[in-house]
Amino acid sequence: MGIGIEDMFLFSNKVTQFVPEFISDGMGLKKKPADFSGKKGSRMPAFTIIGSSEKSLIARGGSGGIAIWTRLDKDIRPAAYGLE
């Protein structure tokens, strides 16, 4: 199963249209799992979890990069999606 990235937000502002094409292509922005099937050399972005705690998650990307996610005290999704 794959999970795609539809949009990108920065400080509760949608910035998807401002992401350079080479970056959006590399991260699979706006692509569905079906877009990756059947194409040679094309795969969904993948992460291997290497550490976690109550407040954070650390993963290694398919190309060797490190990603760090941090849990916030307040849910920012309402602000990110303009529901406030």
Side-chain angles (χ1 to χ4, degrees):
M1 178 179 103
I3 299 173
I5 302 170
E6 288 292 314
D7 288 308
M8 218 173 177
F9 290 85
L10 182 62
F11 303 111
S12 75
N13 297 309
K14 187 174 176 180
V15 295
T16 309
Q17 66 271 21
F18 303 112
V19 177
E21 187 175 341
F22 74 95
I23 293 175
S24 65
D25 288 345
M27 63 188 287
L29 190 62
K30 294 277 188 194
K31 291 186 178 179
K32 306 269 188 253
D35 296 335
F36 292 97
S37 62
K39 294 180 183 174
K40 187 175 180 178
S42 180
R43 61 181 174 78
M44 286 197 72
F47 292 95
T48 302
I49 307 236
I50 58 175
S52 66
S53 71
E54 290 290 322
K55 291 287 235 173
S56 63
L57 178 70
I58 303 169
R60 183 177 161 268
S63 62
I66 298 291
I68 302 171
W69 293 271
T70 302
R71 180 175 294 189
L72 302 175
D73 293 328
K74 181 181 176 196
D75 187 356
I76 63 167
R77 288 176 290 181
Y81 293 104
L83 303 175
E84 284 189 315

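All values derive from a computational prediction rather than experimental measurement. Starting from 1, each residue takes its place in the sequence as its number.
- Val15 is linked by a side-chain contact (heavy atoms from CB on, under 4.5 Å) to Met8, Leu10, Phe18, counting only residues two or more places apart in sequence or in another chain.
- Shown here are the salt bridge (Lys or Arg N to Asp or Glu O under 4.0 Å) partners of Arg60, two or more places apart in sequence or in another chain: there are none.
- Among residue pairs with one or both ends in residues 11-23, those qualifying as salt bridge (charged side-chain N to carboxylate O under 4.0 Å, His left out) are Asp7-Lys14; sequence neighbours excluded.
- The side-chain hydrogen bond (donor to acceptor under 3.5 Å, both in side chains) check on Thr70 picks up nothing, with sequence neighbours excluded.
- In the hydrophobic clustering, Ile50 connects to Ile58, Ile66, Ile68, either directly or through intervening members, whenever side-chain heavy atoms lie under 4.5 Å apart.
- Checked against side-chain hydrogen bond (donor to acceptor under 3.5 Å, both in side chains), Ser52 has no partners two or more places apart in sequence or in another chain.
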